[in-house]
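Report on the following structure.
Every chain is numbered from 1, with letters handed out A, B, ... down the list of sequences. Excluded from the calculations below are hydrogen atoms, water molecules and symmetry mates; all remaining heavy atoms, backbone and side chain alike, are included.
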Amino acid sequence: MGRANDEVAAALTEYADLFAMTGGDAFRVRSYQKAAKAIAGHPEDISQVNVRRVPGVGEAIAKKVEEFLSRGGFRQLDDLRAEVPEGVRRLTRVPSLGPKRAIFLYRELGIDSPEALAAAIGAGRLAGVRGFGAKSEENLLKGVEQLRQAGGRVHLGVAMDLAERVIASLPAERVACAGSVRRMKETVGDIDILAVGPPSLMEHFRRQPYVAEVIASGERKTSVRTREGMQVDLRLVPAGSWGAAMQYFTGSKEHNVRLREMCVKRGWKLSEYGLFEGDRVIAAATEEEIYQALGMPWIPPPLREDTGEVAAALRGELPDLVTLDDLRGDLHTHTNLTDGIAPLADMVAAAARLGYAYYAVTDHAPDLVMQRMTLDKALEQRAALAELQPAYPGMRLLHGTELNIGPDGAVDWPAEVLAGFDVTVASVHSHFTQPRAEMTRRFVAACENPHVHVIGHPTTRKIGRREPVDADWDAVFAAAARTGTALEIDAYPDRADLPSDLVRRARHHGVKFSIDSDSHAVPHLANLRFGVGVAQRGWLTAEDVINAWPVERLLAFLNRA
DNA sequence: GCCGTTTTCGGCCCGACTGTTTTCAGTCG
């Protein structure tokens, strides 16, 4: 999977947005969106193959893609960029504000950014404007604030990708990522890279194509802003204090404060250069020896949040965290039968290449009307899956479905139909603003449905785009534990849902989890690693995760044994 | 703009919700 795919997809998506804003035909807008999605999810590097082979890409889009690949843009995109300022496109990221009203605000009132919108509302400039009543103003203000709070933070998928590109671009003796990316935090503000190497590495870093601006530049630290707007700090560290530097710059700040307090009590000092007693170096080369000197085993970075991990380490009670290698299958994936882009056979073949012992296909169900699912289609898919099974003797294929949890907690299909599925994932897809008590009842009802095995992406948040729903989570977790309903950790990095703090709380209730990719294309299967990050931050072990279990135990959990 | 044993034109995932309106446009999943 090449970077080119993502860059092309981003350009086409931007073009679709701008085209929609400037009154472009809605069907053509959708064509660009569809092509963007298909290219982003295409398993081959788009710069190395004929883009016309990608479904949804015809002659016109292929030409634009080829122009983009050769010079980083295409004419029609340049034209629209000249017409619509960048901030106006950002306006459409304000929830409830779409392309039509965004361009209206720009053309009629000169509002050219979310900040300008908030100012205009504050100054009463929207009063009496057609289509913008008091309620709209209130919602827009709330939306702008939400956007502002997300700040410059991006989800881990974006940050990890950038961090890996930076690391690959640096010819250092040693180079690694520290900071919140290493801790697998769900959102990341900036990226910290540590390296051992010659001073010339700094100049090499500043000249990289991803660098848009050099913010600060010294012998030991260089800070840049990338074209995507992220800050990346590169620090040159002495080889002998690699471990101390990694420990220090991985954080969290709170975790480090806790360790330094311990050091102070012993008359020691812990810095990015090492653990010292006066001038004597106690430990510096590896993180392991630093933690060991403090009387504890190495603490995995995802736990380093000062939420009890130091005490647990001192007692020798750190959890044996679940790892990517522990996962034996994926229980929530889509195909092009609903909103995925890859055919069933391609998804199954890709899963087999990952060495899975089992793999579930869980396309949407009829209540999500837009997906046009029918029982006939589901049964046809079941038959097709059964036909594929003999070709994969080592991998048990499971036929599942992603159900929709309605406002009252009911799901698609009657019980006798549900009983025919190997695994069901039930998720909320609408009515996000129900009051807490109603929302809680809704989830509890879904858990109590004996045919629901997993609650999918429980909070339904989308990082930077949609707030989590409001529910009494402890009540939901208690219901999930009582009914033997697993909660999903949706590994899609803009979801990361359940969030890790709720994972940990749920675990205390005795809940089991399913770490799923929610793949809609072949490359998405690899997102599972982000879900593992969430699980580790939630202190989960393999015992807590149903898709880390052997197939027999999983099937017993699903009542399919 | 894409697509096709319903094929070279005429379709294109469809419905609900919201806030505004007085019959509907915009937004969302």
Query raised in the report: On a whole-Å scale, what distance lies between the C1' atoms belonging to B:dG19 and B:dT23?
Result: 14 Å
Query raised in the report: Contact class for A:N139 (heavy atom, under 4.0 Å): base, sugar-phosphate, or nothing?
Result: sugar-phosphate
Query raised in the report: Counting side-chain heavy atoms from C-beta on, which of B:dC2, B:dT27, B:dC12 comes nearest to A:S31?
Result: B:dC2
Query - Closest to the A:H429 side chain, choosing from B:dT27, B:dG1, B:dG29 - result: B:dG29
**Report entry** Salt bridge A:E186-A:R461, side-chain N to carboxylate O under 4.0 Å
**Finding:** yes
**Report entry** Distance, rounded to the nearest Å, where A:D17 contributes CG and B:dG26 contributes P
**Finding:** 16 Å
Query raised in the report: Are A:H431 and B:dA16 close enough that a side-chain N or O sits under 4.0 Å from OP1 or OP2?
Result: no
Report task. Return the value, rounded to whole Å, for the distance between atom CG of A:N336 and atom P of B:dC3. Result -> 14 Å
Query raised in the report: Hey, does A:A134 reach any base, or is it just sugar-phosphate, or nothing, if we go heavy atoms under 4.0 Å?
Result: sugar-phosphate
Query raised in the report: Between atom CD in A:E59 and atom P in B:dC3, what is the gap in whole Å?
Result: 11 Å
Requested in this report: Considering only NZ, NE, NH1 and NH2 on the basic side and carboxylate oxygens on the acidic side, decide whether A:R505 and A:D501 come within less than 4.0 Å.
Outcome: no
Query raised in the report: With both distances under 3.5 Å as the test, what is the Watson-Crick or G-U wobble partner of B:dT8?
Result: none
Query - For atom NZ of A:K37 and atom P of B:dC2, their distance in whole Å - result: 17 Å
Query raised in the report: What integer distance in Å separates A:R130:CZ from B:dT22:P?
Result: 7 Å
Query raised in the report: Where the side chain of A:K100 is concerned, which of B:dG26, B:dC12, B:dC14 is the nearest nucleotide?
Result: B:dG26
Requested in this report: Determine: side-chain N/O of A:R28 to OP1/OP2 of B:dG1, distance under 4.0 Å, yes or no.
Outcome: yes
Query - Distance between C1' atoms of B:dT22 and B:dC12 (Å, rounded) - result: 32 Å
**Report entry** Salt-bridge criterion met for A:R52 and A:E66 (N-O under 4.0 Å)
**Finding:** yes
Requested in this report: Would you kindly give the CD-to-P distance between A:E137 and B:dG19, to the nearest whole Å?
Outcome: 13 Å
Report task. Identify which nucleotide among B:dC14, B:dG1, B:dA16 has an atom closest to any side-chain atom of A:D25, counting heavy atoms from C-beta outward. Result -> B:dG1
Requested in this report: Answer with base, sugar-phosphate or nothing: what part of the nucleic acid does A:V29 contact at a heavy-atom distance below 4.0 Å?
Outcome: nothing
Query raised in the report: Taking for each residue the nucleotide of DNA chain B bearing the nearest heavy atom, is the 5' side occupied by A:L368 or by A:P407?
Result: A:P407
Query raised in the report: Which listed nucleotide (B:dG19, B:dG1, B:dC12) is nearest to the side chain of A:R30?
Result: B:dC12
Report summary line: Side-chain contact check for A:S136: nearest option of B:dC2, B:dC12, B:dT20 is B:dT20
Query raised in the report: With rounding to whole Å, what would you report as the distance between B:dG26 and B:dT21 at their P atoms?
Result: 13 Å
Query raised in the report: Above 12 or not: heavy atoms from other molecules or residues under 6.0 Å from CZ of A:R396?
Result: no
Query raised in the report: For A:R466, which contact category applies under a 4.0 Å heavy-atom criterion: base, sugar-phosphate, or nothing?
Result: sugar-phosphate
Requested in this report: Could you work out which one of B:dT27, B:dG19, B:dC17 sits closest to the side chain of A:R101?
Outcome: B:dT27
Requested in this report: Verify whether one side chain among A:S514 and A:D516 offers a donor that lies under 3.5 Å from an acceptor in the other.
Outcome: yes
Report summary line: Rounded to whole Å, the NZ-P distance (A:K135 to B:dT27) equals 18 Å
Query - P atoms of B:dA25 and B:dT20, separation to the nearest Å - result: 16 Å
Report summary line: Quick note, A:I61 side chain, CB onward, closest among B:dG1, B:dC14, B:dT27 is B:dG1
Query raised in the report: How far does the C1' atom of B:dG11 sit from the matching atom of B:dA16, given to the nearest Å?
Result: 24 Å
Requested in this report: Indicate whether OP1 or OP2 belonging to B:dG1 is found under 4.0 Å from a side-chain N or O atom of A:K64.
Outcome: yes
Query raised in the report: Roughly how far apart, to the nearest Å, are B:dC13 and B:dC2 at atom C1'?
Result: 15 Å
Query raised in the report: In terms of the nearest nucleotide of DNA chain B, which residue is placed more toward the 5' end: A:K34 or A:A62?
Result: A:A62
Requested in this report: Would you indicate which nucleotide in B:dG19, B:dC2, B:dG29 comes nearest to any side-chain atom of A:F432?
Outcome: B:dG29
Query raised in the report: Between A:R71 and A:D78, is the closest basic N to carboxylate O distance under 4.0 Å?
Result: yes
**Report entry** Length of the CD-P vector between A:Q371 and B:dA16, whole Å
**Finding:** 15 Å
**Report entry** Row check, A:F421 ring normal vs A:R382 NZ/CZ: under 6.0 Å, within 45°
**Finding:** yes
Query raised in the report: How would you label the contact of A:L97 with the nucleic acid (heavy atoms, under 4.0 Å): base, sugar-phosphate, or nothing?
Result: sugar-phosphate
Report summary line: A:T433 has its side chain closest, among B:dT18, B:dG29, B:dT27, to B:dT18
Report task. Please determine if A:E83 and A:R107 form a salt bridge, counting it only when a charged side-chain N lies under 4.0 Å from a carboxylate O. Result -> yes
